[in-house]
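Both backbone and side-chain heavy atoms feed into the values below; hydrogens, waters and symmetry mates do not. All values reported here derive from a predicted model rather than from experimental measurement.
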Amino acid sequence: MERSIKRTLSPKLGLIASLVSLWIFASFCHGQTFNSFHPERRDWVFNHLTVHRSTGALYIGAVNRVYKLSGNLTLLVSHDTGPENDNKACYPPLIVQPCSEPLVSTNNVNKLLLIDYSQNRLLACGSLYQGVCKLLRLDDLFILVEPSHKKEHYLSSVNQTGTMYGVIVSSQGQDGTLFIGTAVDGKQDYFPTISSRKLPRDPESSAMLDYELHTDFVSSLIKIPSDTLALVSHFDIYYVYGFSSGSFVYFLTVQPEIPENSMSSSGSPSDLFYTSRIVRLCKDDRKFHSYVSLPIGCVKNGIEYRLLQAAYLGKPGRVLASSLNISAQDDVLFTVFSKGQKQFHRPPDDSALCIFTIKDINARIKERLQSCYQGEGNLELNWLLGKDVQCTKAPVPIDDSFCGLDINQPLGGSQLVTGHTLYTETRDRMTSVTSYVYNGYCVAFVGTKSGRLKKGWTSGTIVQKKEQKIVHHSL
């Protein structure tokens, strides 16, 4: 198994190492040994993995393939997604109309892999044709539909994984919604940075992946303005993680800071400071009036960790919940950050494992909303608004379920939402994280850059003994 994982994982390890850690832990506890699984070609690496919460089946999104495996890594079925003849300069993609650019055989890098539990199907999006998606039947990966006849059906042309994330919101007996955030690679007119789209129950519906709302005045999307790219040519928003909790959808991003003074468009990415942010939207907000974005990070011994590497939404367990003053059923967010804000594309090895309670994140957002609706300060979203816009005072009660109005939106902030630092690592950068609850204790697993696994658990307090109780196992 060691050889298989090291050979097929990308440097960031990502979700695969996170989820594989659970299997490894089970094998340590029960003395089991699992089989290995390899792609057909060495360079067709694995990009994403998800495990069905009921059946335990594994779905892997790879280069040119989607696989379904059993719990012991036996291949059940695969679906080919590439390679195909393509050219990134074709707009709209060639499957909509002919393209005069030369076409070459192009790999399809899996960018998104989500289970739509309510309809028993898998959403698999790749890098071909400006980011076309497929809906596959979970049982046999039979293709149900490949929406491709509208401009909004193409989600992201960026080949790099870890720049795009999606969250499916389902309602029993009703059509679902896909919230999606993606890097746009300078194509802000073609791709919104964040949007919500329809997921009809009928896979052949003509409304599949249409924007929830799209008019001349208001839409279920936000685009990066061209003025921002004129100021910072390398500006983009990278979506590292997303989830739903309660009545909200959240995304965790990394993005350049817009400088106060003008900056030449020739500035390189290494000249930029980056901010990790948490973005929140109401699940039912088709107008995006509830969009709020705040910086997020953690601090240890005066050192700031602000470059988000990975995150995982879990439960705290009875012991950790008591020390955090929350319920064992409340949601907590485990995060991994690298040190500083300067080297997003080559993050430092100095990293930290941190934890946030969703209750605390919501409280910080509520405070920001309340201050703005009292007319205090500006909207603080310079990358989108291009200027300082004063908050408008309005006598509106801001409760825990407030979803915004057509004023004071979208809303940003500059006050850091700070998590609790559990553990720091200076030599082998942490790159992935997952957790689960065992006998009331929260057990966290962290994957590292070198392919090692760290396991830690709580001992009644947030920080005490975390470093002493971290153990290492090589993948």
Side-chain angles (χ1 to χ4, degrees), residues 86-101 103 106 109 111-112 125-133 147-160 163-166 178-198 207-239 251 253-259 262-269 272 277 279 281 286-289 291 293 379 381-387 389 409-410 412:
D86 191 18
N87 189 303
K88 292 298 181 183
C90 295
Y91 291 92
L94 57 94
I95 52 180
V96 175
Q97 69 179 30
C99 180
S100 60
E101 300 293 334
L103 304 180
T106 305
V109 178
K111 299 288 301 300
L112 191 66
C125 304
S127 59
L128 276 181
Y129 311 130
Q130 309 299 337
V132 72
C133 300
S148 60
H149 59 283
K150 298 179 183 177
K151 180 180 178 181
E152 56 263 34
H153 289 164
Y154 306 93
L155 302 185
S156 173
S157 66
V158 182
N159 282 342
Q160 182 183 351
T163 61
M164 179 181 185
Y165 216 93
L178 171 66
F179 286 83
I180 190 157
T182 182
V184 304
D185 194 27
K187 306 178 182 72
Q188 78 283 2
D189 291 334
Y190 203 84
F191 305 114
T193 180
I194 188 170
S195 59
S196 64
R197 298 157 184 272
K198 298 176 182 178
M208 182 66 69
L209 295 186
D210 285 359
Y211 297 123
E212 281 279 287
L213 180 65
H214 198 194
T215 73
D216 292 337
F217 304 102
V218 64
S219 298
S220 305
L221 60 91
I222 290 179
K223 289 189 174 183
I224 298 173
S226 57
D227 288 348
T228 296
L229 290 172
L231 181 66
V232 181
S233 60
H234 301 285
F235 185 91
D236 212 336
I237 300 178
Y238 306 97
Y239 291 81
F251 286 94
T253 73
V254 181
Q255 60 196 70
E257 290 189 344
I258 294 294
S262 179
M263 180 179 179
S264 169
S265 61
S266 62
S268 68
L272 301 174
R277 304 187 75 89
V279 174
L281 284 157
R286 299 197 305 162
K287 298 181 179 179
F288 275 32
H289 285 171
Y291 182 100
S293 170
L379 298 186
L381 213 61
N382 288 343
W383 70 266
L384 180 59
L385 303 176
K387 59 182 179 180
V389 178
Q409 58 80 32

inquiry  = Counting C-beta onward and ignoring hydrogens, is there a side-chain heavy-atom pair between Tyr239 and Thr163 closer than 4.5 Å?
reply    = no
task = To the nearest 0.5 angstrom, please state how far the CD1 atom of Ile222 sits from the CH2 atom of Trp383.
result = 5.5 Å
inquiry  = Is the shortest side-chain heavy-atom distance between Leu209 and Leu178 below 4.5 Å?
reply    = yes
ask   = Could you go step by step and tell me if Leu213 and Val218 meet the side-chain contact (heavy atoms from CB on, under 4.5 Å) rule?
value = CA-CA 7 Å; Leu213 180 65; Val218 64; 3.9 Å; yes
request  = Measure the shortest side-chain to side-chain distance between Val158 and Asp185 over non-hydrogen atoms and say whether it is less than 4.5 angstrom.
outcome  = yes
key: Short side-chain to backbone donor-acceptor contact, Asp236 and Val184, under 3.5 Å   = yes
inquiry  = Quick one: does any side-chain atom of Ser219 pair with a main-chain N or O of Leu221 as donor and acceptor, under 3.5 Å?
reply    = no
query = For Phe251 and Ile194, which heavy atoms make the closest approach, and how far apart are they?
reply = CD1-CD1, 3.8 Å
Sub-4.5 Å side-chain heavy-atom contact between Pro93 and Lys151 = no
Validation row: Met164, Leu155 side chains within 4.5 angstrom (heavy atoms) = yes
ask   = So how far is it from His289 NE2 to Leu281 CG, rounded to the nearest 0.5 Å?
value = 11.5 Å
message = Within this structure, what is the SG-CZ distance for the pair Cys133 and Arg197, rounded to the nearest 0.5 Å?
response = 8.0 Å
ask   = Salt bridge or not for Asp210 and Lys150, using N-O below 4.0 Å?
value = yes
message = Measuring only between side-chain heavy atoms, which start at C-beta, is Ser148 closer than 4.5 Å to Tyr154?
response = yes
ask   = Relative to the ring of Tyr190, is the ring of Tyr91 parallel (under 30°), tilted (30 to 60°) or perpendicular (over 60°)?
value = perpendicular
inquiry  = I'd like to know if the side chain of His234 and the backbone of Leu229 have a donor-acceptor N/O pair within less than 3.5 Å.
reply    = no
message = Check whether Glu101 reaches the backbone of Lys88 with its side chain - one donor and one acceptor, N or O, closer than 3.5 Å.
response = no
query = What are the two closest heavy atoms between Lys198 and Ala207, and how far apart are they?
reply = CB-O, 3.7 Å
ask   = How many angstroms lie between OH in Tyr129 and SG in Cys90, if you round to the nearest 0.5 Å?
value = 10.0 Å
query = Heavy-atom distance under 4.5 Å between the side chains of His214 and Ser220, does that happen here?
reply = no
ask   = Would you say the side-chain atoms of Lys111 and Ser156 include a donor-acceptor pair closer than 3.5 Å?
value = yes
remark   = Between Leu94 and Cys99 the two heavy atoms that sit nearest each other are CB-CB, 4.3 Å
task = Please collect all salt bridge (charged side-chain N to carboxylate O under 4.0 Å, His left out) contacts where either partner lies in residues 214-228, sequence neighbours excluded, each pair once.
result = none
message = Would you say that Phe235 contacts Leu272 through its side chain, given a criterion of any heavy-atom pair below 4.5 Å between the two side chains?
response = no
query = Rounded to the nearest 0.5 Å, what separation is found between the OG1 atom of Thr106 and the CG atom of Asn87?
reply = 7.5 Å
Expected output: side-chain Arg277 to main-chain Ser293 donor-acceptor under 3.5 Å = yes
inquiry  = Minimum heavy-atom separation for Pro410 and Leu384, please, with both atom names.
reply    = CG-CD2, 3.3 Å
inquiry  = Within this structure, what is the CD1-CD distance for the pair Ile224 and Gln255, rounded to the nearest 0.5 Å?
reply    = 8.0 Å
query = Do you know which two heavy atoms are closest between Pro147 and Met208, and how far apart they sit?
reply = CG-CG, 3.6 Å
key: Thr193 vs Thr182, side-chain contact (heavy atoms from CB on, under 4.5 Å): CA-CA, chis, key distance, verdict   = CA-CA 5 Å; Thr193 180; Thr182 182; over 6 Å; no
